[in-house]
Each structure stands twice: as structure tokens, then as C-alpha cells.
Amino acid sequence: MPELPEVETVRKGLSQLVIGKTISKVEVFWPKIIEQLSPSDFNHRVSNQTIHEIKRRGKFLIFCLDQDVIISHLRMEGKYRYFPEVTKPNKHVHVVFTFSDGSQLHYQDVRKFGRMCAYHKNHVEEYPGIAKLGPEPFNETFDLKTFQQQLKKSSKAIKPLLLDQKIVTGLGNIYVDEALWQAKIHPETPANELKPKEIKELHRAIIEVLDKAIQAGGTTIRSYVNALGDAGNFQVELNAYGQEGMPCPRCGSPIQKIKVAQRGTHFCPKCQKKRGK
DNA sequence: AATACTACCTGCGTGC
DNA sequence: TGCACGCAGGTAGTAT
């Protein structure tokens with residue numbers, strides 16, 4: 001489920017539920033989820049620490065404890081579920097945090113791609129996954145001029161370039177298609193061939209698309225239940241992603257689906273013309 | 001250094 | 001019904 005808006009929604013939801021709680025133990029059923037430490041070392045390291053805050057950087061969640069942080073990435077399908085009482089984990093639960101009041105947080109992940117890691121709280125920025133991230137899209141550091149300069153340096157297709165989190169963080173396969181649709185840019189356009197006007201549109205589109213999605217509480221493709229237990233409440237309107245064959249909301253041409261850098265890619269062949277060349 | 005491809009996993013839908 | 005195959009919202013590791 002997670003691109004930046006979904007992770008932000010999870011962050012807010014979890015904050016309501018677990019801030020102030022003290023971890024009494026952690027059980028790990030799929031050791032690879034935990035980076036660097038063995039399940040038992042991870043348990044010993046974070047047990048008896050209290051969760052004071054949950055932050056987000058890009059698509060990473062950062063649980064701030066007394067001395068340490070737990071950096072958590074949901075990757076494709078990771079989910080947290082909170083239970084007020086000790087609850088039997090289902091078969092897709094790989095990590096269970098039990099708190100001193102008997103409540104629990106279950107980390108569930110069908111594909112087991114998600115990762116978590118204990119880190120000293122003063123070294124978060126050095127965590128490799130976080131160290132390489134570009135600016136947050138809503139931060140002033142994501143300014144048009146820098147964006148323009150970054151794009152000029154790469155001949156890569158714009159879509160995979162935006163997916164790799166270095167120029168701006170937070171876009172995934174859904175919102176990158178949406179942003180490119182909004183800016184009327186073909187996903188395979190080499191970044192350094194974009195015109196200043198297109199770059200300006202794209203910059204604006206990225207911020208708008210992500211902001212709108214956060215306001216809506218994220219997008220749900222398949223039905224899912226978030227940490228608070230509400231089934232996917234709002235739904236952002238998707239103009240391109242998953243709309244193959246549907247009329248483009250702008251011009252009515254059928255949305256096409258192609259593959260770009262091994263990812264399913266949706267676009268309007270009429271509004272998002274491929275550059276001749 | 002930059003780019004491209006693959007691995008990591010499970011489950012679901014499709015077509016034979 | 002069964003099986004093979006392709007596909008899924010992401011990143012890290014390896015090869016070129």
C-alpha cells in the first residue's frame with residue numbers, strides 16, 4: 001500500500017495508538033524482516049524503551065524511543081495493526097510488539113519485503129536507505145530551480161528517475177503516473193529533454209498530487225484495513241493509474257498501459273505525447 | 001558515476 | 001481442476 005501519502009496516514013494513525021507505550025517484548029517470526037540484528041538482539045535492544053514520537057522520512061517510518069529509533073519500511077505490502085489485548089497473530093504477521101499494558105502492535109506483510117532496523121536515535125540520517133533520499137516534496141528544499149538542475153543531469157526516462165527517491169522522495173508507481181498525467185508528460189521522456197515549462201508543471205504536479213492524496217488519507221487499490229481499523233475511508237480520484245481503457249478525464253482518449261523500467265505505466269497517449277526524435 | 005536488471009516473496013487472476 | 005505464467009503500490013544488490 002505505501003507511497004508517501006499512505007505512509008503519512010499510517011504515521012498519524014499509529015501515533016494515536018502507541019505513543020507513550022513501553023515495549024515489553026518483541027517476537028520475530030521472519031528474521032529477514034529485521035536488518036542487522038538477530039531477532040533476540042533486536043528484542044533486547046528495544047525492549048523497555050518507550051515510544052515518544054513517530055516520524056516519517058520519505059516512505060520510512062521512524063519510531064522514536066528513549067535511546068534508539070526503529071526505522072521501518074513497509075515496501076509493497078507491509079501493514080501495522082494495533083490490538084488492545086494480546087492477540088494471536090495471523091500467518092502473515094512477522095513481528096509482534098507487546099507493550100507493558102498488554103496491548104500489541106502486529107507487523108503484517110504478505111510478501112515479506114518490508115524491513116525494520118534499530119538504530120541509535122542520533123544516527124538516523126546515516127541509515128543507508130535514508131541517507132540517499134532527496135528532499136521531502138513539501139519542504140522548501142524541493143524548489144523548482146534545484147529540480148530543474150537535477151533533471152538536466154540525467155538522460156534517464158523521467159518516470160524511473162522520479163521513482164528512485166533521489167531527486168524528490170515519496171513518489172511511487174501510482175503517484176508518479178498521476179503526476180506525469182497532470183503535467184502532460186510522457187513517462188519515457190528523457191529527463192534532460194524536458195522543457196522548462198514542463199518541468200515547472202511537473203514540479204507543481206508532484207506537490208499537488210501528493211498533497212491531495214494526504215488530504216484524502218491515501219489511496220486504496222485493493223481493500224485494506226489501516227492501523228485504526230477503518231476500511232479504506234476516502235479514495236483519491238485516480239486519473240491514470242489503473243485506468244487502462246478508461247477515457248482520459250481531460251480529453252476522453254483511452255488511457256494506455258505500457259511497461260517502463262519493468263513497471264506497469266498508465267498514461268494518456270493524446271495528452272502525454274512521446275517526444276519525436 | 002550512471003544506468004539497467006534482478007532478487008526478494010506470496011497470492012491472485014488468466015489462459016490453456 | 002490443475003498448472004504455468006504474469007502481475008502487484010519498493011528497494012537493495014549486482015552487473016555493465
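Reminder, nothing fancy here: chain letters follow the sequence lines and each chain counts from 1. Keep in mind that the numbers below use all heavy atoms, side chains included, and drop hydrogens, waters and symmetry copies.
We find that NZ of A/Lys32 is positioned 11 Å from C1' of C/dA12, with the value rounded to whole Å. Atom CZ of A/Arg75 is separated from atom P of B/dC9 by 11 Å (rounded to the nearest Å). Rounded to a whole Å, the CD atom of A/Gln165 is 17 Å from the C1' atom of B/dT3. As a whole-Å value, the separation of A/Met76 CE from C/dA12 P is 14 Å. Between A/Tyr127 atom OH and C/dT11 atom C1' there is a gap of 9 Å when expressed in whole angstrom units. Protein atom CD of A/Gln262 is 8 Å distant from nucleotide atom C1' of B/dT6, rounded to whole Å. In this structure, A/Ile258 places its CD1 atom 13 Å from P of C/dC7, rounding to the nearest Å. Across the protein-nucleic acid pair, A/His92 atom NE2 and B/dC9 atom C1' stand 11 Å apart, rounded to whole Å.
For the pair A/Phe113 and B/dC8, the ring geometry qualifies as stacking, because the centroid separation is below 5.5 Å while the planes lie within an angle under 30°.
In this pair, A/His203 and A/Phe147 present their aromatic rings tilted. The plane angle is within the 30 to 60° band. Between A/His123 and A/His120, the ring planes lie perpendicular to each other; the angle is over 60°, past the 30° to 60° tilted range. A tilted orientation is assigned to the rings of A/Phe83 and A/His106, their planes being inclined by 30° to 60°.
Residue-to-nucleotide proximity on DNA chain B shows that, of A/Val110 and A/Ala157, the 5′-proximal contact is made by A/Ala157.
The partner of B/dT3 is C/dA15, judged by Watson-Crick or G-U wobble contacts that both fall below 3.5 Å.
The neighbour count for A/Arg204 CZ, taken as heavy atoms of other residues, nucleotides or ligands under 6.0 Å away, does not exceed 12.
Between A/Lys156 and the phosphate of B/dA2, there is no side-chain N or O to OP1/OP2 separation shorter than 4.0 Å. Listed pair A/Lys257 / C/dA8 meets the phosphate criterion, a side-chain N or O lying under 4.0 Å from OP1 or OP2. OP1 or OP2 of B/dA4 has not a single side-chain nitrogen or oxygen of A/Lys259 nearer than 4.0 Å. Within the 4.0 Å cut-off from OP1 or OP2 of B/dT10, not a single side-chain nitrogen or oxygen of A/Lys91 is found. Contact between the side-chain N/O atoms of A/Ser154 and the OP1/OP2 oxygens of B/dT3 is found at a separation under 4.0 Å. The side chain of A/Lys112 contributes no N or O atom lying less than 4.0 Å from OP1 or OP2 of B/dC8. Here A/His73 reaches the OP1 or OP2 of C/dT11: one of its side-chain N or O atoms lies under 4.0 Å away.
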TODO: Could you please spell out the steps behind the salt bridge (Lys or Arg N to Asp or Glu O under 4.0 Å) verdict for A/Lys121 and A/Asp66?
DONE: CA-CA 8 Å; A/Lys121 65 178 178 182; A/Asp66 301 331; over 6 Å; no
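Candidate nucleotides B/dC9, B/dT3, C/dT11 were compared by shortest atom distance to the side chain of A/Ser155, and B/dT3 ranks first.
A/Gly129 comes within 4.0 angstrom of the backbone, heavy atoms only, and of no base.
Ion pairing between a basic and an acidic side chain is recognised when a charged N comes within 4.0 Å of a carboxylate O; A/Arg56 and A/Glu136 show such pairing.
The gap from the P atom of C/dT11 to that of B/dG11 amounts to 23 Å, rounded to the nearest Å. C/dC7 and B/dC5: their P atoms are spaced 15 Å apart (whole Å).
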